[in-house]
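Structure first, then comments.
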Amino acid sequence: MSHQIRKHLALLAVSALFAAKAAAQGAVPEAVVNQFVSAWNTHDVKAFDRLFTADAIWVAVAEVRVVGHTDVVKGFEEIHTTWAKNTTIIAKDIKVQLVRPDVAVILFHAKYLQDGKEVPVLDRAMIFVAVKEADGWKIAAGQLTKQHEGA
């Protein structure tokens with residue numbers, strides 16, 4: 001077998017592994033949390049773009065509701081070019097409740113990290129309503145909740 005053919009076969013095998021991993025990541029509702037954390041930590045707007053449904057709703061603060069895929073992703077793009085560009089998060093205490101086989105409510109805590117260490121005053125409770133689409137689980141609605149003042 002020629003070197004060129006072996007090279008193409010190796011690339012094909014690696015591509016198949018990545019495709020299988022991506023498909024597996026979207027097979028369970030909590031995969032959307034892992035994908036959200038990955039998008040946040042890499043500050044990859046295209047990754048956020050793949051996470052939300054066309055009619056997604058995002059509530060970052062009680063007074064503001066962002067509606068529609070384009071505006072939700074635009075909001076993440078804006079914060080990841082300003083204050084969020086130097087942040088990373090980890091997800092803890094993930095709880096999934098299936099409402100139907102294709103709809104799940106996902107609750108978790110987003111812990112912010114600075115220099116690899118948790119910042120205690122930046123714990124956010126998150127809630128996603130996720131729906132299963134042909135290409136995996138997507139966020140139909142999400143809300144970030146801040147800690148109360150005494151925490």
Side-chain angles (χ1 to χ4, degrees), residues 11-12 14-151:
L11 285 172
L12 214 66
V14 169
S15 296
L17 285 173
F18 281 116
K21 182 179 178 186
Q25 286 177 337
V28 294
E30 52 269 20
V32 79
V33 174
N34 298 329
Q35 293 166 353
F36 181 85
V37 169
S38 177
W40 188 284
N41 292 345
T42 59
H43 313 288
D44 181 0
V45 176
K46 289 181 183 176
F48 282 112
D49 186 61
R50 293 186 294 271
L51 279 173
F52 293 94
T53 62
D55 56 352
I57 300 169
W58 187 259
V59 180
V61 294
E63 301 80 15
V64 179
R65 184 181 310 155
V66 180
V67 180
H69 179 273
T70 301
D71 289 337
V72 170
V73 173
K74 182 179 176 187
F76 281 102
E77 181 177 24
E78 288 172 3
I79 67 169
H80 282 275
T81 57
T82 58
W83 69 268
K85 70 181 176 182
N86 296 317
T87 66
T88 57
I89 61 172
I90 57 173
K92 290 190 170 185
D93 305 321
I94 301 170
K95 305 285 186 237
V96 176
Q97 182 167 343
L98 285 177
V99 178
R100 298 188 325 219
D102 62 338
V103 178
V105 174
I106 306 167
L107 303 162
F108 66 100
H109 282 266
K111 302 277 189 170
Y112 287 79
L113 304 177
Q114 184 173 25
D115 299 323
K117 296 180 183 176
E118 286 185 26
V119 179
V121 296
L122 286 177
D123 179 14
R124 300 294 186 248
M126 305 282 289
I127 185 169
F128 291 164
V129 175
V131 295
K132 189 172 187 178
E133 295 190 342
D135 57 344
W137 288 88
K138 304 271 184 162
I139 301 168
Q143 181 169 335
L144 175 143
T145 305
K146 296 179 181 180
Q147 292 170 278
H148 64 82
E149 289 297 317

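Side-chain atoms are counted along with the backbone in the values below, which use heavy atoms only and exclude waters and symmetry mates.
For N34, the side chain to side chain donor-acceptor pair (under 3.5 Å) criterion is met by no residue, not counting sequence neighbours. Partners of D49 according to the side chain to side chain contact (heavy atoms under 4.5 Å, CB included) rule, which considers only residues two or more places apart in sequence or in another chain, are H69, V73. With sequence neighbours excluded, the residues satisfying side chain to side chain donor-acceptor pair (under 3.5 Å) with W40 are T87. Take V99 and apply the side chain to side chain contact (heavy atoms under 4.5 Å, CB included) test, not counting sequence neighbours, and it matches V103, V105. Qualifying salt bridge (Lys or Arg N to Asp or Glu O under 4.0 Å) partners for E118, counting only residues two or more places apart in sequence or in other chains: K92. Applying the side chain to side chain contact (heavy atoms under 4.5 Å, CB included) rule to D55 yields the partners T53; only residues at least two apart in sequence or on another chain are considered. With sequence neighbours left out, I94 forms a side chain to side chain contact (heavy atoms under 4.5 Å, CB included) with E30, V33, A91, V96, I106, F108. With sequence neighbours left out, K111 forms a side chain to side chain donor-acceptor pair (under 3.5 Å) with no residue at all.
When side chains are defined from C-beta on, N41 counts as touching I89, because their heavy atoms get closer than 4.5 Å. The side-chain heavy atoms of T88 and I90, taken from C-beta on, include no pair separated by under 4.5 Å.
A distance of 13.0 Å separates NZ in K132 from CZ in R100, rounded to the nearest 0.5 Å. In this structure, the separation between OG1 on T81 and CZ on F76 is 13.0 Å, given to the nearest 0.5 Å. The NZ atom of K95 sits 14.0 Å away from atom CD1 of I127, with the distance rounded to the nearest 0.5 Å. Atoms CG and CH2, from L51 and W137 in turn, are 14.0 Å apart once rounded to the nearest 0.5 Å.
Counting only residues at least two apart or on different chains, no salt bridge (charged side-chain N to carboxylate O under 4.0 Å, His left out) pair has a member in residues 33-45.
Taking each heavy atom of P29 and L98 in turn, the nearest pair found is CG-CD2, 4.0 Å. Between M126 and W58 the shortest heavy-atom distance is CE-CH2, 3.6 Å. Closest of all the heavy-atom pairs between V32 and A130 is CG1-CB, 4.3 Å. Taking all atoms of both residues into account, the shortest heavy-atom contact from E78 to T82 is O-OG1, 3.0 Å.
Using a 3.5 Å distance cut-off with no hydrogens or angles, the side chains of H109 and D123 do pair a donor with an acceptor.
Between F48 and F36, the two ring planes are perpendicular [angle over 60°; tilted spans 30° to 60°].
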